[in-house]
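In what follows, chains are A, B, ... by sequence order, proteins preceding strands, each numbered from 1. Because only heavy atoms are used, hydrogens play no part in the values below, and waters and symmetry mates are left out as well, while side chains stay in.
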Amino acid sequence: MDGNASGEDYENIDWDTEDELEIQNIVPSTCSNLVTRNASIVGNGEASSSAGPSNPNLLQHFLGMGFSEQLIVKAIKENGEANTESILESLLTYAALEDSPDELNPCHLNSPQQQQCVDNGQLSSDYDESFLDDISESDSWSGSEVAKPKISIGANGGLKKRKLYELELWKRKKRKGLINEEDDVLRLPNPMIGFGVPTDTMVVTHRTLPEAAIGPPFFYYENVALAPKGVWDTISRFLYDVQPEFVDSKYFCATARKRGYVHNLPIHNRFPLLPLPPRTINDALPLTKRWWPEWDKRTKLNCLQTVIGSAKLTDRIRKALEKWGDDPPLHVQKYVIEECRKWNLVWVGKNKLAPLEPDEFEMLLGFPRNHTRGGGISRTDRYKSLGNSFQDMFPNGLNLLSLFSGIGGAEVALHRLGIPLKNVVSVEISEANRDIVRSWWEQTNQKGNLIHLADVQQLNGDRLEQFMGSFGGFDLIVGGSPCNNLAGSNRVSRDGLEGEQSSLFYDYFRILDLVKCIMNKQQ
DNA sequence: GACAGCATGACTCAAATT
DNA sequence: AATTTGAGTCATGCTGTC
């Protein structure tokens, strides 16, 4: 569990798609032939789609995964535009057959010289001293041990294999109806408290990060913990083999939220963000106590989602309860409790249940009151933004790159920690959410500079270099990529990490890796 | 250990209504 | 244009039982 694999042991794995057992054992980190090649930093997003297919989004989609335009066009020609799955399969086949990676778009490879130029002396000139103090003793960051970040995941080579791996898993699943996993998959901890939660003493205070993962920059990635099997393994392998930290927020607040985080932040001396949030439903919503029947034993709410229970439902429940006195029969209790759990209903009157209000969402998630209110956002949107929001709890950062910002969970948390935000590049597709963050930014009198972008796929090496040239690198890169295709509530398109939205995870990785390369280059 | 039963889930879509 | 409503599934992990 120490996530110490450097990747070097795995360089010589023979990729054999026919052998399922071997596929299971792939740890796709280092592709030495790719890493040592000398290549300039070129964002793959900048490949323009001049001669592309009629649907530029489709091209962008696959460009974002790291395939070259040439191959994508070819694959689309062969399969037609409609069937993205077979396009992907073709691309993977080309990629697997491809021995000379030059033909694939080499998006961001650093030269050997660039790899060795990180040392503490140079760092301290670039970073605020207090910030460095905070991290100088942490983890694998000891003064003499010079961090020598090796970009171990060499773009497309690793990508191909991983994609193939996922695809194979998926195929097997389809074929057999179930899979017999080996024991090398990540297990969720129980209790799900990660390295420790604010109200507890720290369980783990030290870990050894893989060398390639060590900052700068620091990164912090988030998504739902209960993703389909194999998803977190893939995420972890992409993010430099850092082991995820799984945390359920029910251990420090009144509502459950099971999430996984892959980050390279120091974990010693964590402290709670004050004031502590209410720990129980009763504390969070004291007015409900009066109406709470003794047979409803809930003390914590379930995960706040993007949809809420209907008025009809609470009406049906009220009618069902009114038939009985103060002590409804067990089967009625059971029915009511089931609906309460399913829809996170709370008691607001005699026999009256209600879904939570957006205000209550904000409070339970630790956002300022009215954070998502007004300014053109509808109530439906508000629930959607809040249900999708990124709730987090720990610090660090001055120049921030925030991908999939949502309503600014990371920004708000950093601000509450008293950390000044100098330059924030925030990428968020939803205009409503961008408005929310912008308005928060203005209301909290931020002195820094907020740069908003809409599309993560448009953020290429050139733009990053521009930003980083003007203010000298990012300290922290946070992001929670879309969970739509991972979340259990999705009955329609729970397609895993390759799903339409959730595959944007690869853009998180792409951009993180680009930033690492550029920072090495700019030393 | 095998097994059944149970609880859980940053959801999507379309149709109807306001 | 926003809101309300209901219908729609299943992977995963936990617990208790044998």
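- Nucleotide B:dA10: unpaired (no Watson-Crick or G-U wobble partner with both distances less than 3.5 Å).
- DNA chain B is contacted by both A:Ser493 and A:Leu226; A:Leu226 maps to the nucleotide lying nearer its 5′ end (nearest heavy atom per residue).
- No donor-acceptor contact under 3.5 Å links the side chain of A:Arg491 to the base of C:dA7.
- The aromatic rings of A:Trp232 and A:Tyr221 sit perpendicular, their planes meeting at an angle over 60°, well past the 30° parallel limit.
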Checklist line | A:Phe238 vs A:Tyr508, ring-ring contact (aromatic ring centres under 6.0 Å, His included): CA-CA, chis, key distance, verdict | finding: CA-CA 10 Å; A:Phe238 267 80; A:Tyr508 181 88; over 10 Å; no
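- In this entry the distance linking CZ of A:Arg379 with P of C:dA1 reads 21 Å, nearest Å.
- Taking the six-membered ring where tryptophan is involved, the planes of A:His263 and A:Tyr220 are tilted, since the angle between them lies from 30° to 60°.
- Comparing A:Trp343 and A:Ser378 by the nucleotide of DNA chain C that holds the closest heavy atom to each, the one mapping nearer the 5' end is A:Ser378.
- Each of A:Asn190 and A:Ile308 lies near DNA chain C, and the nucleotide nearest A:Ile308 is the one positioned closer to the 5' end.
- One atom, CD of A:Glu339, and another, C1' of B:dA7, lie 14 Å apart when rounded to the nearest Å.
- Within the shown strands, B:dA2 is the pairing partner of C:dT17 under the Watson-Crick or G-U definition, both distances less than 3.5 Å.
- Within the structure, a side-chain polar atom (N or O) of A:Asn302 is placed less than 4.0 Å from OP1 or OP2 of B:dG9.
- Of the residues near DNA chain B, A:Gly480 and A:Glu338, the one whose nearest nucleotide (by heavy atom distance) lies more toward the 5' end is A:Glu338.
- Spacing of C1' atoms, B:dC6 relative to C:dT9, comes out at 16 Å, to the nearest Å.
- Using a 4.0 Å cut-off between charged side-chain N and carboxylate O, A:Asp315 and A:Lys319 make a salt bridge.
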